[in-house]
Amino acid sequence: MDLLNVNLVDWSRAQFAMTAMYHWLFVPLTLGLGVIMAVMETLYVKTGKEAWKQAAKFWMTVFGINFAIGVATGIILEFEFGTNWSNYSWFVGDIFGAPLAIEGILAFFMEATFISIMFFGWKKVSKGMHLASTWLTVIGATLSALWILVANAWMQYPAGTLFNPDSVRNEMIDFWSILLSPVAVNKFFHTVTSAWVLGSVFVIGVSAWYLLKKRVQDFARRSILVASVFGLIASFLLLSTGHGSAFHVAQRQPMKLAAMEGLYEGKKQADLLAFGIVNPAKKHYADSIAPLLMPVAVPIPGFLSLLAHEDADAFVPGVKDIIDGGYYLPDGNKALSFDEKKSRGLEAMKALEAYRGAREAGDQPAAEMHKAQLYESYAYFGYGYLEGPESLIPNVPLVFYSFRIMVVLGLFFIALFIVMLFFYRRKLEAQTWLHWLGILSIPLAYLASQAGWIVAEVGRQPWAIQDVLPVQAAVSDIPVASVKLTFFLFLSLFTVLLVAEVMIMVRQIKKGPEAEN
Amino acid sequence: MKRISLPLWMKKLYEFYRDGFSQMTVGKTLWTIALLKLFIMFAVLKLFFFPNFLKTNFEDDKSRSDYVGKELIERTR
């Protein structure tokens, strides 16, 4: 078998992407809706108003449907690690093992314990105990997300570990560096706040449907009020963490930023692009064809430089600069070219081979020398697998458009929350157009959420682990036919689950909050 | 036959879950789906379609690390 079989790599990637994207349909609603129902129950406990209790119970039922259908769909990703990505799994074993084990324990003990009190305990435990259980369910779900996001952040910015050439594994040397790496912290808050926005839009959309149908209008108004205020707060946090994401990407994954902006030739005082069409005529990163058609910049000079490097005059490298090297990095060092990095990667690989040979021969001094050589070039380990500079460039149109979809929809949701709050005291029930806008916003929230993941994950290709392990080295040597088969098995399973979720949810929404009495 | 009496807290815990499950409406459908899904995932997919590649093909960690090391080196060629 051709070990670098593009077909095998692509099918393995497609399967992982499909599984992750389906999983991510369930997770953000759990995180977002969870906070909203907990806020409503808090209002019930504070005010004693039964209307808040009814609202909290209804959204809890919807939460429960989403939770039950979505729970454990992420475990399939772990199956795929072991089967399709065994080199990768071995290579990162300890780093992924610890966070995922903690996630499993937290998910089991916190969610499983408190979710049962939340659903079964309304008449069995005190109001305070019930409220605490609701919040702990939400916190448990959010902490579960923390650990998987920490693991993901490590792949984008491998910190706190040391490669052991004996075990061929990266070993954790500093747990706190992994947990509290700036990329991990920002990724967690950005992802969670995006889930809060999705949950808010979902609640607004469903409530808008009730207003359109002229049903349970008091309930719908209450829900819209809570969701709009919460959504607005979450959106501003999201703007802040979004800036944090862009900053970290600029520092550590400049190629991703270049793809997000369709930037091929770097510049100082780089402008942020508001609109543009990726030019299909551009075939090579170094040709003279303009990468974008009809580019429109945000009218703030040097805004991209400012966002990326906190300096409006800073140089933002484009695709060509990153491949050619020679520009100055934020840490003051000169960027290496692709060829130089590839050469260092091959040196690291040779050193690994020589180290293993010396160990087998029992030549300890030689082994130590080769180990030192390996560590000297380990930061570029993965470049040795890349055939040419083009393989360093992710899918620019996909990343470029996904980024814009995410940002534009994020801004649209802010407008939606503000408009909902504006009309809250101005005959919200009579604004049919706004009801429709709310309903139609639900799929847009999912679109924005998925687009965010595409930017993060497609934007970092070809890397499974940034600079260290590309996907073609990470994939298992297994028949492509088995990956295709399981791809379609998962597609079928997830589609059935999604259809079941939508059907049960729609049926419950049609029954309405009256059914909770 | 001697009857075993459960501690009070265990009895209460049992009644809590018994009452909770018996009063479920939509929950019964959800439990059915969730259990069916878990069965498909673990008893079918994991068992027949997702063997752990390294655990299946190699007996111990030494041979696994040797294999991955060799793979990583050879894939650059």
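Residue numbers begin at 1 in each chain, while the letters A, B, ... track the order of the sequences. Note that the coordinates shown come from a computational prediction; the quantities given were computed from them, not determined experimentally.
- Looking at every heavy atom in both residues, B/Ala34 comes nearest to A/Ala68 through CB-O, 3.9 Å.
- Within 6.0 Å of NZ in B/Lys12 there are 12 or fewer heavy atoms belonging to other residues, nucleotides or ligands.
- Of the two parts of B/Ile73, the backbone and the side chain both hold a non-hydrogen atom closer than 4.5 Å to a non-hydrogen atom of chain A.
- Interatomic distance, B/Phe58 CZ to A/Ser86 OG, rounded to the nearest 0.5 Å: 8.5 Å.
- To the nearest 0.5 Å, atom CG of residue B/Asp61 and atom CH2 of residue A/Trp90 are 4.0 Å apart.
- B/Tyr67 places none of its side-chain heavy atoms less than 4.5 Å from the side chain of A/Val168.
- For NZ of A/Lys511, the number of neighbouring non-hydrogen atoms (other residues, nucleotides, ligands) closer than 6.0 Å is greater than 12.
- Scanning all heavy atoms of the two residues, the minimum distance from B/Ser65 to A/Ser167 falls at CB-O, 3.2 Å.
- For B/Leu36, no part lies near chain A; criterion is any non-hydrogen pair under 4.5 Å.
- Atom CE of B/Met41 is separated from atom CD1 of A/Ile75 by 5.0 Å, given to the nearest 0.5 angstrom.
- For the atom pair CD1 of B/Ile33 and CD1 of A/Ile65, the computed distance is 9.5 Å after rounding to the nearest 0.5 Å.
- In this structure, the portions of B/Lys46 lying under 4.5 Å from any heavy atom of chain A include both its backbone and its side chain.
- If you tally non-hydrogen atom pairs under 4.5 Å between each of B/Asp66, B/Thr56, B/Thr29 and chain A, the highest count goes to B/Asp66.
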Table please: side-chain donor-acceptor pairs of residues 485-493 of chain A below 3.5 Å, with sequence neighbours left out.
{"unit_1": "A/Thr486", "atom_1": "OG1", "unit_2": "A/Gln15", "atom_2": "NE2", "d": "2.6"}
{"unit_1": "A/Thr486", "atom_1": "OG1", "unit_2": "A/Ser482", "atom_2": "O", "d": "2.9"}
{"unit_1": "A/Thr486", "atom_1": "OG1", "unit_2": "A/Val483", "atom_2": "O", "d": "3.1"}
{"unit_1": "A/Ser492", "atom_1": "OG", "unit_2": "A/Phe488", "atom_2": "O", "d": "2.7"}

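- Taking CD from A/Glu80 and CG from B/Leu45, the interatomic distance works out to 10.0 Å, rounded to the nearest 0.5 Å.
- Using a 4.5 Å cut-off between heavy atoms, A/Phe119 makes no contact with chain B at all.
- Heavy-atom distances place no part of B/Asn57 under 4.5 Å from chain A, backbone and side chain included.
- Screening B/Phe49, B/Phe42, B/Phe53 for a ring pair (Phe, Tyr, Trp, His ring centres under 6.0 Å) involving A/Phe79 leaves a single residue, B/Phe42.
- Of the possible polar contacts, one joining the A/Tyr385 side chain to the B/Leu72 backbone as a donor-acceptor pair under 3.5 Å is found.
- If you tally non-hydrogen atom pairs under 4.5 Å between each of B/Leu38, B/Leu54, B/Leu30 and chain A, the highest count goes to B/Leu30.
- Taking the salt bridge (Lys or Arg N to Asp or Glu O under 4.0 Å) definition, one finds that A/Glu353 meets it with B/Arg77, sequence neighbours left out.
- There is no contact between A/Leu386 and chain B, counting heavy-atom distances below 4.5 Å.
- Looking at B/Lys55, its side chain never comes within 3.5 Å of a backbone N or O of A/Gly82 through a donor-acceptor pair.
- For A/Lys484, the NZ atom sits in a packed shell: over 12 heavy atoms of surrounding residues, nucleotides or ligands are nearer than 6.0 Å.
- Counted within 6.0 Å of OH on B/Tyr17, heavy atoms from surrounding residues, nucleotides or ligands total more than 12; the atom is thus considered enclosed.
- For A/Asp166, the part sitting under 4.5 Å from any heavy atom of chain B is the backbone (N, CA, C, O) and nothing else.
- Rounding to the nearest 0.5 Å gives a distance of 11.0 Å between CD of A/Gln472 and OG1 of B/Thr76.
- Here the closest non-hydrogen pair linking B/Arg75 and A/Asp477 is NH2-N, 3.8 Å.
- At a 4.5 Å heavy-atom cutoff, the contact between A/Ile504 and chain B is made by side-chain atoms alone.
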